[in-house]
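A note on names: the letters A, B, ... follow the listed sequences, proteins ahead of strands, and every chain is numbered from 1.
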Amino acid sequence: MRERIPSGFDPFVLPFLIGMGFVLLYCAASAFRVLWQCPREDRRRFFLSLVTPAKALKNIWDIFANCLLHVRLWKRNRMLGFMHSSIAFGWFMIILLGHLEVLLFVPHRLNLFYYPIFFNYFVAETETSLRGAFLFFLMDLFLLLILIGIGLAIVKRVRSRLFGMRRTTRPSFLDTVGLYSLWLIFPLRLLAESFTAGISGGSFLVKPLNWLLEAVLGSQFLLNPANNLPTWWAYSIVLGIFMVVLPFTRYMHIPTEMMLIPMRNAGLRIRHARRGYALLEIYSCPGCGVCIDACPMSVKKANIKDCTVYLNRQIRRGNERRVEEISDKCLLCGKCTEVCQVGVEGPALRIFQRARRQYAISPDYARVQAAPVAASGKVLYFGGCMTALTPSIGKSMESILGKLGIDYAWMDRDGGICCGRPMLQAGRFAQAAEMVRRNTELIKASGADTLLLSCPICYKMFRDHYKLPGVRVVHHTQYFEELRRAGVLKLHKSDLCYAYHDPCELGRGCGVYEEPRTLLGTAAYIVEAEKNRGESICCGGSLGSLTLTFQQREAMTRRALENLSSGGPDAIATACPLCLATFSRYSSIPVRDIAEVVDMSL
Amino acid sequence: MIYQGKQKIWSDYQKDIPDDHWFYVRSCIRQNFFPASETHFVKIVRDLLGKDLYETEHHTTCGGIAYHSDTIPQETAMTIVARQFSLMKEAGYKNLVTSCITSFGNYCEILETWREFPELETRIREHLWKACRREFDKPEYVCHASDVIFKLRGEIAEKAKFRLVDRATGEPLRVVEHIGCHYSKMFPHKGVGGAEYPCVLSGMVESWGGQVIDYPERRHCCGFGFRQYLVKANRGYSISNTHKKFESMEPYRPDLIITNCPGCPYFLDRWQYVIAEQTGKTYGKDGHGIPALTYEELAGLVLGYDPWDLGLQIHQVGPELLLDKMGVPYDPARKYLGLNEKDIMKPGLPTVLKCC
Amino acid sequence: MKESVIIIGGGVAGLEAASQLLALGLSPVIVERSDHLGGHVAEWYRLFPDLSAAQDLVGRLVDAASGARIYLETEISRINPLKDGYSATLNNGDILFCKAVLVCTGFHLFDASKKEEYGYGIYDRVITNRDLEHWFGGAEDSRIMDNPKAVGFVHCVGSRDIKAGNPQCSKVCCMTAVKQAIEVKEKFPEAEVYCFYMDLRLFGKKYEDFYISAQRDYGIHFIRGRVSEVSEDIEGRLLVKAEDTLNGKPLKVRLDLLVLMAGMVSHPQTARIASMVHAEVDDDGFLRSRDNIYSIVESGRRGIFFAGACTGTKTVPETVAEARAAALSAYRYIKEGK
Amino acid sequence: MMDFGFSLSPSSAVDLDKVDLSLYRRLEQTSPDIRHCIACGSCSATCMAAEYSGMSVRKLILNLQRGADVRKMLSCCMLCGKCTMVCPRGINTRKLILDVCRYYPERP
């Protein structure tokens with residue numbers, strides 16, 4: 001072991017140093033800004049979580065698993081998982097090993113930031129020592145891993161279909177600069193190390209390349225330091241470029257996600273579309289474009305630029321017009337969040353974006369009268385607005401409850417107050433809160449202990465946004481399944497084979513996947529659709545979208561029906577009046593609510 | 001505006017107006033509103049033009065006002081009218097001439113009703129017999145007095161001392177004609193020129209040298225509307241109608257309004273004062289109003305009768321500017337002298353509308 | 001010698017029937033009062049719903065019927081029944097013998113000046129649907145100004161109006177109004193275009209598409225309410241009053257052009273011809289068919305057939321279809337005695 | 001001013017030449033299907049707020065076309081979407097309502 005440069009410095013490290021310095025400063029400032037924008041309560045919670053050992057451990061593991069190993073991505077797509085983890089983990093290991101080398105061989109240089117990165121230039125170590133040989137081997141091994149990852153990335157750029165991706169994002173100019181510099185970093189490192197391998201040593205990757213170079217250029221040429229310096233310059237410059245552009249490219253997701261994970265683990269949520277925690281989600285988006293294929297609006301290559309990845313990009317760019325468009329168009333089905341590797345909550349971002357709008361007219365509901373109901377039997381049924389337009393559901397509910405002899409009261413049979421969810425989704429929180437207040441009064445006054453809902457939109461709203469102590473909020477699929485298990489509801493199995501459509505608000509929204517299936521499976525046969533449960537495709541009728549036209553929605557509904565029909569069912573079952581009405585418009589096979597199916601089998 | 005188009009329509013609505021031998025029935029309210037108008041109709045037709053015009057003091061109201069104010073049933077009005085017919089029969093006349101537009105409409109409506117429901121006529125004959133032992137014949141012709149003046153407009157023009165022309169400029173006066181609603185809106189064929197473009201008044205104006213203004217709200221009611229005026233709660237509606245007409249005619253800067261109905265000249269005249277008091281707005285020149293005259297008054301002016309004998313001092317809107325324009329001489333000192341030089345006293349003057 | 005059929009009227013129905021009869025091997029004779037063939041359609045510019053040129057259709061019909069004997073500016077003076085046919089005396093002295101008579105006398109466009117309150121012939125800027133078609137076809141019309149700011153269409157002029165003597169719906173005016181409104185908007189994109197309607201009766205194929213397009217693509221305003229009166233203001237613009245019945249309020253608007261959708265009424269000649277052939281006239285003035293479902297083209301009298309708008313208001317395609325049906329009926333009557 | 005015990009009543013007539021259509025014109029840009037209404041009234045019939053505020057998308061559109069005030073009818077709208085569901089012309093009524101609420105000019 002010997003240090004080749006006594007001063008421990010060479011000007012070629014400057015580009016790297018500048019880049020690194022810049023990116024560190026930028027990240028620190030950004031982190032400070034996010035913390036500053038968070039409400040005091042959130043900030044306190046975050047700092048507390050950092051010093052709570054269990055949470056801290058979880059944070060470390062989550063960062064390791066997701067940022068380096070990309071465990072979630074492996075689960076979704078092995079090729080992509082391998083590609084990402086080979087680059088991220090390999091790079092991490094090279095940096096770690098670089099530091100180890102410094103620590104082991106030149107501990108007095110630990111204070112030099114660039115030493116581990118350019119170790120092989122500054123320190124000549126022979127591979128003959130065991131430590132050197134082992135570390136050289138590991139370094140080459142991880143470099144090889146990264147190079148394989150880069151190779152895959154290049155293939156993916158040209159042929160994304162090989163990776164199972166039908167559509168991917170179009171990178172912006174800076175993204176392209178970042179991408180090419182990232183691609184170049186490791187081949188250049190390989191080249192630089194190969195040039196100096198005759199002096200500084202190397203392992204199975206670098207050494208043979210060094211021999212090859214020797215054969216071509218001659219050993220004298222390689223041994224002259226002036227000749228190998230340009231390769232190190234190139235390596236440093238590319239690193240520097242990558243660092244400098246990083247904050248302005250999608251690669252900003254790398255540092256951001258490391259902050260997002262602990263904050264999310266601390267229980268922080270979006271409270272404003274552009275401030276605090278939301279910024280972390282926006283900047284954590286790696287721009288991978290998984291959400292494009294997942295988005296129900298992207299059928300027939302339409303609305304691609306309205307997916308969450310583009311929302312994040314436009315918010316970063318400050319393109320307000322597009323941000324509004326994208327925010328208003330979305331169905332809020334939640335599928336992008338379901339498939340997102342970093343957990344960007346597209347729907348929530350959009351709702352908060354909508355909430356920023358100012359209105360000249362603001363409804364209040366003082367004039368709206370809703371007749372109080374008394375639920376002597378303790379069960380209060382709330383059909384909701386959409387059930388009023390799908391009377392088959394209401395009739396089936398009445399029929400089932402009647403047959404079972406359950407004493408119930410129908411809260412909004414003759415009209416009532418909306419649950420408030422559509423208003424909430426439109427971002428008009430004050431109006432939604434007013435409806436919540438009015439309904440809460442009515443429910444409390446009714447004396448009920450169970451609020452039964454047949455509409456998942458209402459269910460989600462009552463479950464998450466109402467404070468109804470002592471009142472159990474339950475969707476009819478859950479309620480009937482309970483009764484079936486208790487032996488109260490006895491169903492005979494029909495010969496019909498149903499495809500079950502998971503309504504967005506019930507499945508992804510409330511995590512209710514099993515009860516409807518068990519219930520339906522008792523009353524009939526089930527054939528699963530190609531995409532189901534969390535991957536279920538929105539019917540296209542969602543009230544979440546403010547701007548999608550009737551005509552635009554048709555293609556989405558037809559695509560969802562195609563998916564549901566993939567197993568050749570006799571009929572489609574769903575558990576949402578809006579899905580029912582939307583599918584019925586275009587379906588060639590009958591569409592029924594589970595309540596209807598249950599009633600038919602009772 | 002295509003004048004030939006109107007002429008074509010007028011040719012479709014020619015009305016038979018008998019040449020002579022008329023049984024004349026006066027109006028209840030005109031004698032109070034415009035006391036000299038009917039007198040001058042008689043003077044012009046009988047005395048000046050030498051026609052046979054018969055009047056009887058036994059004539060009463062036709063019941064039209066009560067009928068249109070919903071205070072008597074139509075059968076009552078019919079029986080009253082039947083009595084007038086019996087008076088005409090007694091006098092030996094067959095051509096009925098009414099002074100009032102509502103009477104004219106009432107007579108026409110009753111005769112049409114009897115034509116459609118002859119049994120009703122039989123019943124009315126019984127009513128009349130029971131009530132006063134009278135019998136009647138239906139008139140051969142029913143005309144309005146303005147029809148008669150329309151017919152005689154040429155003769156009047158020949159004898160005219162003044163024309164509807166601005167003496168200073170030689171330009172024809174701009175005249176708004178206003179036809180009473182009951183004249184031809186119910187039965188277009190019973191009016192000269194029909195209901196949409198009646199020419200009974202415009203014909204007079206043109207014969208006497210004036211120019212008729214066709215303004216957008218020409219067809220609109222004067223606003224009297226019986227119930228609308230008579231019930232005070234509705235009076236705002238009444239004046240609003242008049243206001244609408246004035247707003248519509250204002251841009252044409254009319255010199256005068258000629259009417260053929262008892263209520264119209266009254267309301268078109270008096271409401272100008274109320275509108276001026278309420279809104280501060282006047283429609284004539286320099287804070288004056290637009291004179292609203294009856295056709296008899298206008299015929300009288302043209303023929304050279306004294307304005308004060310014609311009763312123009314009874315109008316709210318002073319006629320002086322019009323008289324000056326036409327060149328009609330008048331003695332301001334005699335303005336408030338009535339019949340036989342009796343002092344009828346000078347009224348208080350409005351604050352907004354200039355009246356002389 | 002081929003059997004002859006006299007066709008009274010050389011409009012769309014007469015021409016199409018003639019060409020069909022020629023194809024069936026009979027010898028049709030068209031007797032037309034006016035100096036041209038093609039009837040009202042010959043005076044039109046474009047036809048809904050394809051916006052095809054009316055002249056093209058007339059040209060096709062005339063070509064197809066060119067093998068028939070055609071009398072122009074000729075009227076029928078008398079028709080006498082014979083043992084197995086009819087003889088017809090023309091006003092030029094000719095006498096024609098035939099096996100069957102096909103009445104294709106068509107309709108008469110309502111005289112819009114009869115609706116006095118609309119001021120057709122009185123106000124400078126009031127025209128009819130026919131005047132507008134002439135103008136579309138290139139005719140000069142001084143009533144149509146260069147850059148109208150607002151244009152109105154009045155539906156049902158003389159139709160569904162018992163006071164005008166026509167209780168029937170003229171069927172084609174709603175669609176014509178929508179078509180012409182679109183055409184006007186294309187000529188004058190800056191103009192506001194209003195359609196005053198009582199009901200919109202857009203029953204045919206593609207008609208609703210026109211309505212949607214008129215609303216969506218052209219921004220034409222549809223006001224439900226019949227125009228009650230029209231007057232001219234001091235600037236010479238038309239002041240149009242109607243009730244906005246969907247609003248329950250009176251409405252007025254100033255327009256630079258008002259187009260009256262004159263409806264279809266029975267042709268004055270129809271009654272004369274009917275009396276000659278002893279056909280019955282319905283209370284709407286149109287000819288009475290044997291029934292109105294199955295036998296519209298049959299009169300109920302031996303050898304007398306009807307086609308087109310002489311039996312009621314019709315569209316062009318309906319008239320063409322009836323003409324074919326009538327030709328076939330006449331053929332079977334002559335050949336098979338049915 | 002003299003008190004006669006009665007006064008001019010305001011005209012109920014809509015003068016299309018005088019109505020302020022700036023809001024309607026703006027909405028034609030942001031919610032173009034405002035033009036599609038055929039006044040069938042399905043929206044009014046299904047509306048849950050109708051009986052409290054006279055809400056009706058049909059009337060809303062008509063009033064906008066006539067430059068009339070629409071604030072009262074919007075005052076109880078819960079944005080539930082029933083009107084969107086029933087509209088035979090596929091008008092995105094919720095978008096329209098939100099746009100009206102958003103762009104309605106502040107008036108004294």
Side-chain angles (χ1 to χ4, degrees), chain A residues 324 328-329 354 357-370 384-390 412 414-428 431-432 434-435 438-439 455 457-458 541-554 577-578 580-582 585, chain D residues 22-23 26-27 29-37 42-55 60 63-64 69-108:
Chain A
E324 284 222 351
D328 285 356
K329 204 183 243 184
R354 295 173 185 181
R357 213 161 275 160
Q358 298 292 314
Y359 290 93
I361 299 177
S362 291
D364 63 73
Y365 305 103
R367 259 201 292 265
V368 179
Q369 291 153 21
C385 310
M386 289 302 140
T387 305
L389 292 175
T390 48
D412 60 341
D414 301 318
I417 296 167
C418 172
C419 67
R421 181 130 185 95
M423 195 60 106
L424 182 92
Q425 288 183 323
R428 306 200 69 179
Q431 277 68 37
E434 173 71 3
M435 286 183 250
R438 295 290 305 276
N439 274 325
C455 172
I457 306 167
C458 306
S542 168
L543 293 171
S545 171
L546 300 179
T547 56
L548 276 178
T549 64
F550 181 73
Q551 289 78 6
Q552 287 172 312
R553 289 170 188 260
E554 180 180 343
L578 188 49
L580 178 72
T582 309
R585 219 170 272 145
Chain D
S22 50
L23 177 61
R26 176 159 201 182
L27 292 164
Q29 304 300 315
T30 61
S31 281
D33 39 6
I34 194 171
R35 285 175 165 188
H36 299 190
C37 179
S42 310
C43 45
S44 333
T46 199
C47 182
M48 296 203 303
E51 59 179 303
Y52 309 111
S53 63
M55 177 59 179
L60 174 73
N63 280 4
L64 291 167
D69 196 324
V70 296
R71 279 171 298 185
K72 178 169 183 277
M73 67 167 74
L74 285 170
S75 66
C76 294
C77 173
M78 295 181 266
L79 214 63
C80 70
K82 283 174 79 182
C83 46
T84 311
M85 292 279 285
V86 298
C87 178
R89 278 290 188 94
I91 298 175
N92 187 347
T93 55
R94 297 170 75 242
K95 158 87 170 141
L96 175 63
I97 290 166
L98 283 172
D99 279 351
V100 177
C101 288
R102 190 172 174 189
Y103 299 123
Y104 202 82
E106 292 292 350
R107 288 176 190 172

Write down the atom of Lys82(D), the atom of Ala388(A), and the distance for their closest heavy-atom approach. NZ-CB, 3.6 Å
The reported gap from CD in Glu51(D) to CD in Gln369(A) (rounded to nearest 0.5 angstrom) is 7.5 Å
Arg585(A) portion near chain D, given a 4.5 angstrom heavy-atom threshold: side chain
Part of Arg553(A) lying under 4.5 Å from any heavy atom of chain D: neither
Note: Cys80(D) and Cys385(A) closest approach over all heavy atoms is CB-SG, 3.4 Å
Passes side chain to side chain contact (heavy atoms under 4.5 Å, CB included), Met85(D) versus Met386(A)? Steps please. CA-CA 9 Å; Met85(D) 292 279 285; Met386(A) 289 302 140; 3.8 Å; yes
Report the distance from atom CG of Leu79(D) to atom CG of Leu424(A), rounding to the nearest 0.5 Å. 11.0 Å
Nearest heavy-atom contact between Arg94(D) and Ser545(A) is NH1-O, 3.5 Å
Could you look at Arg357(A) and say if it's the side chain, the backbone, both or neither that has a heavy atom under 4.5 Å from chain D? side chain
Looking at Cys77(D), Ala49(D), Ser53(D), which has the largest count of heavy-atom pairs under 4.5 Å with chain A? Cys77(D)
Determine the option with the most heavy-atom pairs under 4.5 angstrom with chain A, choosing from Gly81(D), Gly90(D), Ser75(D). Ser75(D)
Interatomic spacing from CG in Leu546(A) to CG in Asn92(D) - rounded to 0.5 Å: 7.5 Å
Roughly how far apart are Thr549(A) OG1 and Ile91(D) CD1, rounded to 0.5 Å? 12.0 Å
Contact winner vs chain D - Met423(A), Gln551(A), Gln425(A), Glu434(A), heavy-atom pairs under 4.5 Å: Met423(A)
Check whether Arg102(D) reaches the backbone of Tyr359(A) with its side chain - one donor and one acceptor, N or O, closer than 3.5 Å. no
How far apart are the closest heavy atoms of Tyr104(D) and Ala360(A), and which atoms are they? O-CB, 3.0 Å
Heavy-atom pairs under 4.5 Å with chain A - which of Leu98(D), Asp33(D), Thr84(D), Leu74(D) has more of them than the others? Leu98(D)
Working note: Met48(D) + Asp412(A), criterion side chain to side chain contact (heavy atoms under 4.5 Å, CB included); need CA distance, chi angles, decisive distance, verdict. CA-CA 11 Å; Met48(D) 296 203 303; Asp412(A) 60 341; over 6 Å; no
With a 4.5 angstrom heavy-atom cut-off, which part of Gln431(A) approaches chain D: side chain, backbone, both or neither? neither
Please classify the contact between Ile417(A) and chain D as side chain, backbone, both or neither, with a heavy-atom cut-off of under 4.5 Å. both
Which atoms of Ser31(D) are under 4.5 Å from chain A, going by heavy atoms: the side chain, the backbone, both sets, or neither? neither
Quick one: pull up CZ in Arg71(D) and OG in Ser362(A) and give me the separation to the nearest 0.5 Å. 12.0 Å
